[in-house]
**Student:** 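One structure coming up, written as structure tokens, with questions to follow.
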Amino acid sequence: MSVAKPLPHDSAALHVTGAARYVSDIPLPQGALHLAFGLSEIAHGRLNSMDLEAVRASDGVVAILTASDLPAANDVSPSVHDEPLLATDHIHYMGQPLFIVIATSHRWARIAARKASVDVSPLPACLTIDEALAAGNRFEDGPRVWERGDYTLINKAPFRLSSRLELGGQEHFYLEGQAAAALPQEAGDMLIHASSQHPTEIQHKVAEALGTHMHSVRVEVRRMGGGFGGKESQGNALAVACAIAAQATGKPCAMRYDRDDDMVITGKRHETRVDYDVGFDATGKILALDVTHAMRCGWAQDLSLPVADRAMLHADNAYYLPNVRITSHRLRTNTQSATAFRGFGGPQGMAGMERIIDHIAHHLDLDPLAVRKANLYDGSGQTTPYGQVVEGSVLPNLIDRLAQSADYAARRQAVADWNASHKVLKKGIALTPVKFGISFTLSHLNQAGALVHVYQDGSVHLNHGGTEMGQGLFQKVAQVAADRFGVPLDTIKITATDTGKVPNTSATAASSGSDLNGMAVKAACDTIRDRIAVCLAEMHQAKPDDVVFKDGQVQVGDNILTFAQAAQTAYEARVSLSSTGFYKTPDLSWDRIKGQGRPFYYFANGAAVSEVVIDTLTGENRILRVDILHDAGRSLNPSLDIGQIEGGFVQGAGWLTMEELVWDDTGKLRTHAPSTYKIPAMRDRPDVFNVALWDGENAEDTIYRSKAVGEPPFMLGISVFHALSHAVQACGPHYPDLQGPATPEELNRAVSRATKSADT
């Protein structure tokens, strides 16, 4: 079998040699032009006029486009048409595109874009969660509220706590920035190369902007240098701008953001505030909970409603809440439009729940792991707050096994002994679980298509709707195809994702890439394989079910052919060796207004133990050791899955410990480059990093009973945050209320909160 093998990434050699081709590496025809946006320098105001003569006179400038020059729709929104490509009469955030410069080089376009004289009338800017709440600036009429049971039982609980957790946003910081190119074709058609997780959305928005049909636009995506959700909708603006410029000039046009422009223009993870009021008993068991999420969504809606919904859907994380109210505010502010980011709101919901558990444990002087285990879904048919049954939960057993293999109890005692004898350096340890729902909550997105060709020589060419962003999706899907035909992996060729081959694709997101596209490819391969089997069975007086495809051969009774011979034979018998495949996820139902249904096909699970040390004088900290046990079902490729777990964990830990976005009082993003925005580097990974896969299979009928592994490991990084909280708790008697991100400055503040008396 080709599946379940720890094979390297299909482009690994290309990555390490620099031969992998990205959008900006694609050779453009002679005379190609380059684009840059002119950007707003205020956060909110009326746009009165623009003097662009200095821009027009700048070196290399060929043309300038403003909103009035656009041929059709001025919109790049993925949702409700509220996001103009170019500002018209109003400016909504600092960094908003105002006009397009078309020049003979990227550098000259960028230089020219800075020369505009823009007349604006500034208006008061709404920049923070507090300001948006006070002004009632929301993307829905009021807060979204879901309830189960009677949350007012908080008032009758033996113990009660309330507090607040602030969670910062996060920059995607993909290695390859946003990029696109448009090549005009005959009869007004347009070919788009884009660094995008959602080729069909690019196709749709370009067609809309050009005033044409989707069949006149073809989008191709070979690979991205990282996405993390930041290329689900944020690439629309570049692709649309290139297409409009290419149509206007008749020449190929390309556009890429430099890193600082990328960070200033594009959306981030949603900054979130979690307020909670919880009632519980002496064992830490939660009796009732009232939790409120306030999300800063930025100036346009983008994907904020489903992001906020998913935060609500994960407000329970791994814990049964019999009586709960979950409230969500989706707030409009004059900042970049927050967008999809790995976990899509789930991390914010889970981090809030884990804070509640940690706070309860501190109040009762219990090991937080004991409180977590007291509240876990037990697999007995308990339902989530939105009514989905949590079936066959592996978490109780998975957590016990991890605690044993990581020697959690002995290490927690060792940490206590260390802290008792060290005044400045304090250690902490925490074990946190993950229960993450897998499926798009917008049900119609849970579908995928594929196109498979078998050639006369037995080689196989396939396409599917998923995009490759470094996660290894192409390799996993190729392994599926190789297994269905029983051929070596080098027989399979996957080429660029192409809307002209597989239409109406969903974004490669929601951790569903392998689930959806693997099943679609399996369906296409099985159709062709079965046709070959029928053909050979008729020739050799056998039953089709007796035809065996294995080890590059096809056996029919006593007759053995190579797969190539079988393909040639079927071709000469006029059997079609091409097929589409289609898959839709079954058993889904969801009413987002009521907050009821079965939005997820299954849950992915995992847990992590993290041990840290902090310097209580400086706030400097290190991750000493991490142990992870993650449930990937029957893994399609253990090497790729372990790589995703390691990377996701580090990215999640970065979000909660060091990645800090800072806007000043004018709405200007001050952390807009690697010099001012810190992401985890090689030395930030733990010295001891043990990752293992849970030895089980998915109870649901997924591709080879595997489980998604793209987003769930991100939330394992929450364990680092709570290990830091544990270390700070060793400094004094008070709960430190550690806030995110737990930068050295925040850790110092938390140490002060832990050590100060209640009267100060």
Side-chain angles (χ1 to χ4, degrees), residues 20-36 62-63 65 70-73 76 78 85 100 102-104 106 109 176-225 227 231-257 449 451 453 461-469 474 493-508:
R21 181 176 286 188
Y22 298 89
V23 170
S24 295
D25 298 319
I26 298 171
L28 297 174
Q30 187 174 6
L33 302 173
H34 299 265
L35 278 56
V62 173
L65 298 175
L70 303 182
V76 291
L85 171 68
I100 301 168
I102 308 171
T104 53
H106 168 77
E176 177 205 21
Q178 300 281 354
L183 285 73
Q185 310 292 296
E186 64 181 24
D189 289 358
M190 196 67 65
L191 170 61
I192 305 292
H193 296 283
S195 186
S196 171
Q197 296 171 235
H198 201 344
T200 290
E201 185 168 280
I202 296 284
Q203 180 190 26
H204 171 221
K205 299 310 295 187
V206 167
E208 189 177 74
L210 296 180
T212 188
H213 296 291
M214 291 175 70
H215 69 202
S216 297
V217 179
R218 184 164 70 88
V219 180
E220 183 178 297
V221 180
R222 173 55 187 93
R223 63 171 60 84
M224 288 162 275
K231 293 178 179 176
E232 188 170 344
S233 65
Q234 300 293 289
N236 293 353
L238 295 90
V240 168
C242 286
I244 290 170
Q247 184 188 68
T249 63
K251 294 180 178 295
C253 290
M255 187 177 197
R256 64 176 173 85
Y257 292 158
L451 175 65
H453 305 314
H461 179 279
L462 69 88
N463 279 90
H464 56 82
T467 55
E468 176 62 54
M469 61 193 93
F474 277 24
K493 170 77 75 175
I494 301 184
T495 51
T497 308
D498 189 333
T499 59
K501 295 181 179 179
V502 179
N504 306 318
T505 61
S506 297
T508 305

**Student:** Knowing that exactly one of Glu201, His204, Lys205, Gln178 qualifies, which makes a side chain to side chain donor-acceptor pair (under 3.5 Å) with Asn236?
**Tutor:** Glu201

**Student:** Using 30° and 60° as the class limits, which term best fits the ring planes of His453 and His461: parallel, tilted or perpendicular?
**Tutor:** parallel

**Student:** Determine, stepwise, if the pair Val217 / Met214 fulfils side chain to side chain contact (heavy atoms under 4.5 Å, CB included).
**Tutor:** CA-CA 5 Å; Val217 179; Met214 291 175 70; 5.9 Å; no

**Student:** Apply side chain to side chain contact (heavy atoms under 4.5 Å, CB included) to residues Tyr22 and Arg223 and explain how you reach the verdict.
**Tutor:** CA-CA 6 Å; Tyr22 298 89; Arg223 63 171 60 84; 3.4 Å; yes

**Student:** Can you tell me if Thr495 and Asn463 form a side-chain donor-acceptor pair at under 3.5 Å?
**Tutor:** yes

**Student:** List the atom of Ala254, the atom of Leu28, and the distance in Å for their closest heavy-atom pair.
**Tutor:** CB-CD1, 3.6 Å

**Student:** Are Gln247 and Pro71 close enough that some pair of their side-chain heavy atoms sits under 4.5 Å apart?
**Tutor:** yes

**Student:** Checking Gln234 now: which residues fulfil side-chain hydrogen bond (donor to acceptor under 3.5 Å, both in side chains) with it, not counting sequence neighbours?
**Tutor:** Asp302

**Student:** Testing the basics here: between Asp25 and Ala20, what is the closest heavy-atom pair and its distance to 0.1 Å?
**Tutor:** OD2-O, 3.5 Å

**Student:** Working to the nearest 0.5 angstrom, can you tell me the gap between Thr467 OG1 and Glu232 CD?
**Tutor:** 9.5 Å

**Student:** If we only count heavy atoms from C-beta on, is the Lys231 to Met469 side-chain gap below 4.5 Å?
**Tutor:** no

**Student:** Taking Gly466's backbone N and O only, do any of them form a donor-acceptor pair with His464's side chain (distance below 3.5 Å, no angle check)?
**Tutor:** yes

**Student:** Rounded at 0.5 Å granularity, tell me how far CE in Met255 sits from CG in Leu238.
**Tutor:** 5.0 Å

**Student:** So, do Thr497 and Phe474 sit near enough that their side-chain heavy atoms are less than 4.5 Å apart?
**Tutor:** yes

**Student:** Does a side chain donor of either Glu176 or Ser195 reach within less than 3.5 Å of an acceptor in the other side chain?
**Tutor:** yes

**Student:** Got more than 12 heavy atoms from elsewhere within 6.0 Å of NZ, Lys501?
**Tutor:** yes

**Student:** Heavy-atom distance under 4.5 Å between the side chains of Ile192 and Cys242, does that happen here?
**Tutor:** no

**Student:** Taking all heavy atoms of Ala194 and all of Val23, pick out the closest pair and write down the distance.
**Tutor:** C-CG2, 3.6 Å

**Student:** So which heavy atom on Ala237 is nearest to which on Val76, and how close?
**Tutor:** CA-CG1, 3.8 Å

**Student:** With heavy-atom distances below 4.5 Å as the criterion, would you say the side chains of Thr249 and Ile102 are in contact?
**Tutor:** yes

**Student:** Which atom pair, heavy atoms only, marks the closest approach of Ser24 to Ala179?
**Tutor:** OG-CB, 3.9 Å

**Student:** Pro184 versus Met190: any side-chain heavy-atom pair under 4.5 Å?
**Tutor:** yes

**Student:** I'd like to know if the side chain of Thr499 pairs up with that of Thr200 as donor and acceptor (distance under 3.5 Å, no hydrogens or angles considered).
**Tutor:** no

**Student:** I'd like to know if Arg218 pairs up with Asp189 as an ion pair, taking the criterion as any Lys NZ or Arg NE/NH1/NH2 lying under 4.0 Å from an Asp or Glu carboxylate oxygen.
**Tutor:** no

**Student:** I'd like to check Arg21 versus Arg222 (side-chain heavy atoms, cut-off strictly below 4.5 Å). Are they in contact?
**Tutor:** no

**Student:** Is any side-chain heavy atom of Val219 closer than 4.5 Å to one of Ser196?
**Tutor:** no

**Student:** Identify the two heavy atoms, one from Ala209 and one from Val240, that lie closest to each other, and give their separation to 0.1 Å.
**Tutor:** CB-CG1, 3.5 Å

**Student:** Under the side chain to side chain contact (heavy atoms under 4.5 Å, CB included) criterion, do Glu468 and Val221 qualify, and how do the steps go?
**Tutor:** CA-CA 8 Å; Glu468 176 62 54; Val221 180; over 6 Å; no

**Student:** Kindly indicate, with the supporting measurements, whether the criterion side chain to side chain contact (heavy atoms under 4.5 Å, CB included) is fulfilled by Ile100 and Leu85.
**Tutor:** CA-CA 10 Å; Ile100 301 168; Leu85 171 68; 4.3 Å; yes

**Student:** Could you measure the distance from the OG atom of Ser216 to the CG atom of Leu191? Nearest 0.5 Å is fine.
**Tutor:** 13.0 Å

